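First the structure, in the form of structure tokens, and then the observations on it.
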Amino acid sequence: MNTDELKGTGNDVKGEVKEAIGNATGDQDTRAAGIADQVTGSVQKTVGAAKEAVADNVAPLAGQARGFAKQRPFATAALVGVVGLALLNTLRGKKAA
């Protein structure tokens, strides 16, 4: 769990408390502020989970790519050249609007 997820959980709990106080007192502004805090918390938790997923999945792939490049430098150069030519040919085929 990262800081975004922790902050999101905190905002979510704070929002639930505000909403409950607003419902108990009949104060619609406090209730609305509580709901807004809950939405903010949900967004923060989602951002945190996305960051965590990217860190968990992309970092190992980058490490594998570095390892491949160190072990097989000529194969890496050939692969980069082929991808570059394919990209160049793809972009050359596009016409300016």
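Just so we're clear, the structure is a prediction, and the values are computed from it rather than from any experiment.
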Nearest-0.5 Å distance, [atom1] of residue [X] to [atom2] of residue [Y]:
X: Q44; Y: T46; atom1: CD; atom2: OG1; result: 10.0 Å
X: L85; Y: T90; atom1: CG; atom2: OG1; result: 10.5 Å
X: R66; Y: L61; atom1: CZ; atom2: CG; result: 11.0 Å

Considering all heavy atoms of both residues, which atom of [X] and which atom of [Y] are nearest to each other, and what is their separation?
X: P60; Y: A55; answer: CD-O, 4.2 Å
X: R92; Y: N89; answer: NH2-OD1, 3.3 Å
X: T30; Y: K18; answer: CG2-O, 3.4 Å
X: R31; Y: E19; answer: CG-CG, 4.0 Å
X: E52; Y: M1; answer: OE2-N, 4.0 Å

K51: salt bridge (charged side-chain N to carboxylate O under 4.0 Å, His left out) partners, not counting sequence neighbours: D4

Worked verdict on E16 versus D12 for side-chain contact (heavy atoms from CB on, under 4.5 Å): CA-CA 6 Å; E16 289 175 7; D12 198 24; 3.9 Å; yes

